[in-house]
Protein chains: 2
Amino acid sequence: MRDYSDVQHPCGNCDFHDQSIWQPVSGAALPILNRGFDRLPLETSQILFEQGEENSGVYCVSRGLIGIRSCQDDGKSTLLRLAYPGEIIGFRSFMAGQPHHTEAQALIPSRVCKVPRHSVRQILNRSPEVLGRLADRCIQEIDRSHAHIIAAATRSNTERLSDLLGRLLQIHGRDCADGKRMYLPLSRIDLADLLGIRPETLSRVVARLLNDSAYSICGREVLLRG
Amino acid sequence: MRDYSDVQHPCGNCDFHDQSIWQPVSGAALPILNRGFDRLPLETSQILFEQGEENSGVYCVSRGLIGIRSCQDDGKSTLLRLAYPGEIIGFRSFMAGQPHHTEAQALIPSRVCKVPRHSVRQILNRSPEVLGRLADRCIQEIDRSHAHIIAAATRSNTERLSDLLGRLLQIHGRDCADGKRMYLPLSRIDLADLLGIRPETLSRVVARLLNDSAYSICGREVLLRG
DNA sequence: CGGAGACTTGATCTGAGTCAAGGGGAGTGG
DNA sequence: CCACTCCCCTTGACTCAGATCAAGTCTCCG
């Protein structure tokens with residue numbers, strides 16, 4: 001019986017390592033994980049994988065912000081959702097055994113950790129708990145979709161924009177004298193996509209929000225007074 | 001080594017038995033499945049489980065049609081989706097280990113097969129392929145949600161109603177001299193919920209559909225001429 | 001008979017989409 | 001350095017679909 005107690009866990013450096021789907025990997029499976037594990041730095045607007053590409057593995061966002069886009073046949077693309085550190089991307093494609101049907105793009109300088117497909121398969125065989133964690137992520141994705149559908153039907157666009165900015169501020173915001181500030185990591189078009197509205201409408205929604213709330217927005221500089 | 005080759009599989013009677021998530025169960029796990037397996041007949045509008053109830057197992061729709069509703073705090077309920085034969089319900093709650101946050105109700109006389117929670121756990125331990133099939137259902141649910149979001153954003157209500165009726169006709173429709181007929185298993189309010197619009201609007205959408213398409217609708221009698 | 005609920009219809013309001021125009025910044029080329 | 005273009009974003013005017021409010025019909029059921 002070999003002793004694996006001195007083998008480092010690759011997720012040890014990430015803040016959320018105990019939430020990582022790879023956290024249960026230990027013992028003989030750990031070297032498999034380490035061997036395949038790859039940390040990829042991404043520049044702003046760099047593409048991680050394209051729509052239609054074969055799935056080559058499972059990615060975990062280590063830092064930064066990744067945008068998941070759907071590209072239409074006419075060349076237009078639409079931002080579907082954001083993936084924050086700790087989130088897994090590409091697992092739908094992995095689990096379904098199909099090509100990616102979305103594109104992943106870094107919205108700010110980011111880092112993702114990749115585990116190639118065949119390593120994932122080997123690990124799943126040895127550490128069934130990992131499959132349990134993957135299933136949890138599926139459930140989260142389902143819940144997120146449901147919440148999105150409900151929010152779209154019941155909340156006004158101003159409320160939803162406010163919610164979205166609040167979530168972004170929690171992650172990207174820095175405290176300062178007059179409240180909380182951030183540099184918006186999204187274009188107006190991307191913001192509009194996320195809310196499922198037209199850019200012109202977003203422009204008006206933003207204007208409305210400036211009047212009715214504690215937000216000040218100038219270009220991509222966002223300030224929440226308070 | 002006991003011989004299990006003469007043990008019947010409980011899903012053998014269903015048309016879709018090879019698609020059943022329990023199909024991979026065999027050998028020593030089969031008696032566990034059989035022991036817990038319970039066929040429940042449901043009358044129209046009978047409740048299978050309520051929102052907030054503890055999860056007591058996983059259900060598979062054997063025949064009929066089950067409506068999944070979300071009940072608001074003010075007592076109003078909203079039909080979220082339909083579950084057809086072969087679909088699994090209650091698995092989100094099972095996998096998350098949380099109470100149901102939707103309600104399941106038979107829309108027509110139906111039958112569901114229940115496998116209690118502890119049996120599912122035992123089976124998952126012995127037949128990991130079942131977990132794979134469960135994961136597939138998760139993926140399907142995610143895809144369905146995405147399709148729903150996209151359809152809501154890009155298609156008109158008339159188109160979406162037409163799509164919905166088409167799907168219902170495929171399952172509940174019977175061929176007759178002048179086309180395809182069915183008795184609509186849903187109230188107008190439920191139809192409106194599924195499309196995410198108000199009942200008054202649905203009424204007008206139906207009126208529009210009667211003019212522009214091959215549908216004739218009178219009360220709950222639907223005819224697709226052709 | 002009366003009441004409740006499902007459904008329809010009409011009138012009106014509102015919010016988002018669409019079309020069109022223009023400002024402003026970044027990058028390019030002369 | 002300036003002119004030019006491209007793209008992002010904003011603004012205004014208009015249109016239209018759906019929400020809302022109100023009224024009325026119908027059926028079912030006590």
Side-chain angles (χ1 to χ4, degrees), chain A residues 44-45 67 69 72 74-79 105 107 148-162 164-165 183-213 215-222, chain B residues 43-45 67 69 71-72 74-79 105 107-108 149-162 164-165 183-213 215-222:
Chain A
T44 299
S45 78
R69 295 178 186 282
Q72 317 294 344
D74 58 358
K76 305 247 177 190
S77 75
T78 297
L79 189 61
Q105 180 188 34
L107 297 176
H148 188 278
I149 291 172
I150 304 234
T154 60
R155 317 208 59 190
S156 78
N157 287 338
T158 318
E159 287 174 314
R160 292 166 63 217
L161 175 60
S162 176
L164 176 57
L165 289 177
Y183 179 79
L184 193 60
L186 299 169
S187 71
R188 302 297 156 119
I189 291 180
D190 282 345
L191 270 182
D193 283 345
L194 277 183
L195 298 180
I197 60 180
R198 301 283 132 192
E200 297 98 320
T201 305
L202 177 79
S203 206
R204 298 178 228 273
V205 170
V206 169
R208 229 180 295 160
L209 189 68
L210 297 190
N211 286 328
D212 307 354
S213 74
Y215 280 104
S216 302
I217 305 179
C218 180
R220 291 205 175 185
E221 279 302 328
V222 179
Chain B
E43 297 160 20
T44 299
S45 78
R69 295 176 187 283
C71 303
Q72 317 294 344
D74 58 356
K76 306 247 175 188
S77 76
T78 297
L79 188 62
Q105 181 188 34
L107 297 176
I108 55 176
I149 292 173
I150 306 247
T154 60
R155 318 207 46 165
S156 78
N157 288 336
T158 318
E159 287 174 316
R160 294 167 61 216
L161 175 61
S162 176
L164 176 57
L165 289 177
Y183 179 79
L184 192 62
L186 298 169
S187 71
R188 301 298 156 119
I189 290 180
D190 282 346
L191 271 181
D193 283 343
L194 278 183
L195 298 181
I197 59 179
R198 302 282 132 190
E200 297 97 320
T201 304
L202 177 80
S203 207
R204 296 178 228 271
V205 170
V206 169
R208 229 179 296 160
L209 189 68
L210 298 191
N211 285 330
D212 306 354
S213 74
Y215 281 105
S216 301
I217 305 178
C218 180
R220 291 207 178 185
E221 280 302 329
V222 178

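Each chain gets a letter, A, B and so on, in the order its sequence line appears, and its residues count up from 1. None of these values were measured; they are calculated from a predicted model.
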Discussion item. When the axes are fitted on five pairs at both termini, how much does the helix from C:dC1-D:dG30 to C:dG30-D:dC1 curve, in 10° steps?
Written reply: 20°
Worksheet item: Between the main-chain N or O of A:S156 and the side-chain N or O of A:E159, is there a donor-acceptor pair closer than 3.5 Å?
Response: yes
Discussion item. For nucleotides 9-24 of chain D, give me one character per nucleotide, 5' to 3': B if any protein heavy atom sits under 4.0 Å from the base, S if the only such contacts are to the sugar-phosphate, - if neither.
Written reply: SSBBB----SSBB---
Worksheet item: Which residues pass the side-chain hydrogen bond (donor to acceptor under 3.5 Å, both in side chains) test with A:R160, sequence neighbours left out?
Response: A:N157
Discussion item. Strictly distance-based, threshold 3.5 Å: is any side-chain N or O of B:T201 a donor or acceptor partner for the main-chain N or O of B:I197?
Written reply: no
Fill in: Backbone N/O of A:G67 and side chain of A:Q105: donor-acceptor pair under 3.5 Å
no
Worksheet item: Taking CG from A:L161 and P from C:dG15, how many angstroms apart are they, rounded to a whole number?
Response: 16 Å
Worksheet entry | Among B:L184, B:L191, B:I189, side chain to side chain contact (heavy atoms under 4.5 Å, CB included) partner for B:S187 | B:I189
Worksheet item: Can you tell me if A:S162 uses its side chain to pair, donor with acceptor, with the backbone of A:T158 under 3.5 Å?
Response: no
Fill in: Gap between atoms CG and C1', on A:L209 and C:dG15 respectively (whole Å)
16 Å
Worksheet entry | Closest approach of A:L209 to A:Y215 (non-hydrogen atoms, all atoms of both residues) | CD2-CD1, 3.9 Å
Worksheet item: Roughly how far apart are A:L107 CG and A:S45 OG, rounded to 0.5 Å?
Response: 9.0 Å
